[in-house]
Amino acid sequence: MITLYGKSVYQDICMGKILYRPNGTDAAWNPAQLTGPVIIAAKDLTPADTKPLVPENVLGFLLEQGSSDSHVSMLAKSMGVPALIAMQAGSLEEYNGYQAILDGENGVAYIEPDEETRAELHERKCILARKKESLQALKGKETVTADGSRIHLYADIGSLQDIDNALENDAEGIGLLRSEFLYLENQDFPTQERLFEVYRQALLKMENKRVVIRTLDIGTDKAAEYFKLEKEINPALGARGLRVCLNRPEIFKAQLRALYRAACYGRLGILIPMVISLEEVLMVKEIASQVQKELSDEGTAYEEHVEFGIMIETPAAALISEKLAREVDFFCIGTNNLSQLTMAIDRQNKNMQSFYNPHHEAVLKLIAMSVQAAHKEGKRAALCGELAADGEMFETFINMDVDELVITSDVLLEARKKIREIY
């Protein structure tokens, strides 16, 4: 038996055969033709690699690289299967065809496990299943502490298909729909009509529950060849998110047109990523006004009054959050970027994990500052990212008066349980 260690992004256990996906194009890799469920292993997987996957054929994921908010991590959470990333091993290709058990509770992969390990993990899997079943009783309950402090739980989703899971887990709404999936899964820019139809479907499926859609957040580890972005020494500090949209206004306008048109079908919030200045916010509002005027002049149906929010995910935005709050309807504090930019540590660098501390007092101070700034102007402040789902921090966030936690659907009911147990 070989034991491998990595970072877990979903707490479950699976057992099955490993199928390794080679790097680059390979005719042997045709996930649509898988004849049975397997554990998919790879160096990394792009949206194009996973788009043909049939969920019933995927037991779990095992990746040499990746982060907790990567495409595959989001996919695993939405599918409810374990995924181990940043494996502390060489190439996983040598384990192609081997039997394995992925322990998503402890971040361990057992290759060709012995009978004793199989029996132990099977029992633990049964315990996890019973635990998940018991959480069903929390559906329809308020997310409120024993002393009456209330917080809202919204789903963080990566595609339209994730909405069913959000509803199944009793999400109060969608706090973050990552629209970049529409760009990453295609070989060319999606048309305005394609964007409009997906946004419309999302609003209709949520049946008038609030849906917050983030405009394109491309760049860094989320890249599409047809954007033809320049290679950068440090892409995390380069062309990404709002910067791409402001440099390519035709892309941005197509998104905004689709969003304002779709808003006729439900409760929409528009969320802008990677803001660092008041000037950027004013530029976005001006472009939005232009788009609304164009739609009006054309006689195209659209909703004028749509909530407008920004991501607070840079120290710059947090430090001027009081000014920004006057110009927007809500904040969504993105803890993944805020943490790594505050500490100047790449979260995806597994060699830096001993230095990376998401509970760092500087990060928490910036979060508290942003929440206070929003409330001073009578605006809401949501929290998203990995830290938002950290059960150890729920009481801290409630004491900060965070209004909403935006977390993946698979942990919504568990979060509700923990919060209701806080005194």
Side-chain angles (χ1 to χ4, degrees), residues 8-14 55 68-69 73-83 103-106 123-177 202 205-212 266-267 269 332-333 335 371 380-423:
S8 174
V9 297
Y10 187 79
Q11 289 195 356
D12 201 354
I13 295 168
C14 73
S68 57
D69 69 331
S73 296
M74 293 292 297
L75 180 64
K77 291 171 185 175
S78 69
M79 294 170 67
V81 298
D103 178 359
E105 279 193 297
N106 299 306
E123 177 59 27
R124 282 179 43 211
K125 183 174 175 64
C126 292
I127 293 171
L128 278 173
R130 290 194 292 269
K131 179 181 175 183
K132 289 178 182 178
E133 181 63 30
S134 69
L135 294 174
Q136 299 303 303
L138 291 171
K139 288 184 178 179
K141 306 276 188 177
E142 288 190 330
T143 308
V144 58
T145 64
D147 67 357
S149 298
R150 198 185 191 305
I151 195 165
H152 297 274
L153 297 182
Y154 285 78
D156 179 344
I157 67 173
S159 71
L160 190 63
Q161 290 69 37
D162 295 343
I163 289 180
D164 290 338
N165 199 25
L167 291 170
E168 176 63 25
N169 284 281
D170 204 30
E172 295 179 58
I174 302 299
L176 174 57
L177 193 165
K205 289 184 78 170
M206 289 305 294
E207 298 180 340
N208 215 37
K209 288 185 176 181
R210 183 164 167 260
V211 176
V212 174
R267 293 175 56 200
C332 185
I333 303 167
T335 62
V371 173
R380 293 193 312 280
L383 203 66
C384 72
E386 194 170 356
L387 190 58
D390 186 340
E392 294 180 17
M393 298 300 298
F394 289 160
E395 187 168 3
T396 298
F397 296 146
I398 288 169
N399 290 336
M400 286 182 183
D401 288 329
V402 171
D403 299 294
E404 304 161 8
L405 295 178
V406 182
I407 57 183
T408 53
S409 302
D410 64 291
V411 296
L412 274 166
L413 292 176
E414 177 66 23
R416 180 170 295 164
K417 178 178 183 295
K418 289 181 178 178
I419 291 169
R420 287 171 63 90
E421 291 171 350
I422 294 173
Y423 288 89

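Atom set for the values below is all heavy atoms of this structure, side chains included, hydrogens, waters and symmetry mates excluded.
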- [ ] Using modelled atom types only, decide if a donor and an acceptor are shared between the side chain of Asn165 and the backbone of Asp162 within a distance under 3.5 Å.
- [x] no
Task: Any side-chain heavy-atom pair of Leu176 and Val212 under 4.5 Å - done: no
Open item on the list: If you define the side chain from C-beta out and look only at heavy atoms, does anything of Thr145 sit under 4.5 Å from Ile398?
Closed with: yes
Task: salt bridge (charged side-chain N to carboxylate O under 4.0 Å, His left out) involving Glu395 - partner list, sequence neighbours excluded - done: none
Open item on the list: Quick check: closest heavy atoms across Thr335 and Cys384, and the distance to 0.1 Å?
Closed with: OG1-O, 2.8 Å
Open item on the list: Just verifying a value: how many Å separate Arg124 CZ and Lys131 NZ, rounded to the nearest 0.5 Å?
Closed with: 11.5 Å
TODO: Indicate yes or no: does Lys139 engage Glu168 in a salt bridge with an N to O separation below 4.0 Å.
DONE: yes
Task: Sidechain N-carboxylate O distance under 4.0 Å for Lys209, Glu172 - done: no
Open item on the list: Tell me the closest heavy-atom pair linking Ser409 and Ala155, and the distance in Å.
Closed with: OG-CB, 3.7 Å
Open item on the list: According to side-chain hydrogen bond (donor to acceptor under 3.5 Å, both in side chains), who are the partners of Tyr10, at least two apart in sequence or on a separate chain?
Closed with: Lys132
TODO: Measure the OG1-CG distance between Thr408 and Asn169 for me, rounded to the nearest 0.5 Å.
DONE: 9.0 Å
Open item on the list: I want to check something: taking the side chain as every heavy atom from C-beta on, are Phe397 and Leu383 in contact at a cut-off of under 4.5 Å?
Closed with: yes
- [ ] Answer yes or no: is there a side-chain heavy-atom contact under 4.5 Å between Thr143 and His152?
- [x] no
Open item on the list: Atom CD of residue position Glu207 - does it have more than 12 heavy atoms of other residues, nucleotides or ligands inside 6.0 Å?
Closed with: no
- [ ] For the pair Asp170 and Arg416, find out whether any cationic side-chain nitrogen is under 4.0 Å from an anionic carboxylate oxygen.
- [x] yes
- [ ] Identify the heavy atoms of Gly175 and Tyr154 that sit nearest to each other, and give their distance.
- [x] N-CB, 3.5 Å
Open item on the list: Measuring only between side-chain heavy atoms, which start at C-beta, is Leu128 closer than 4.5 Å to Glu105?
Closed with: yes
Task: Interatomic spacing from CD1 in Ile407 to CD in Glu386 - rounded to 0.5 Å - done: 12.5 Å
TODO: Find out whether Leu135 and Lys417 are in side-chain contact, i.e. whether some heavy atom of one side chain is under 4.5 Å from a heavy atom of the other.
DONE: yes
Task: Distance in Å, Ile157 CD1 paired with Asp164 CG, rounded so as to fall on 0.5 Å steps - done: 9.5 Å
Task: Residue pair Ala388 / Val406: nearest heavy atoms and the distance that separates them - done: CB-O, 4.0 Å
Task: By side-chain hydrogen bond (donor to acceptor under 3.5 Å, both in side chains) - contacts of Gln11 (at least two apart) - done: none
TODO: Check whether any side-chain heavy atom of Ile419 lies under 4.5 Å from a side-chain heavy atom of Val144, and answer yes or no.
DONE: no
Task: Approximate separation, where rounding is to 0.5 Å, of Ile174 CD1 and Lys205 NZ - done: 9.5 Å
Open item on the list: Testing the 3.5 Å rule here: is there a donor-acceptor pair between the side chains of Asn106 and Asp103?
Closed with: yes
Task: Heavy-atom check, side chain of Met206 versus side chain of Leu167, under 4.5 Å - done: yes
Task: Worked check of salt bridge (charged side-chain N to carboxylate O under 4.0 Å, His left out) between Glu404 and Arg210 - done: CA-CA 12 Å; Glu404 304 161 8; Arg210 183 164 167 260; 3.4 Å; yes
Task: Between CD1 on residue Ile333 and CE on residue Met400, distance to nearest 0.5 Å - done: 8.5 Å
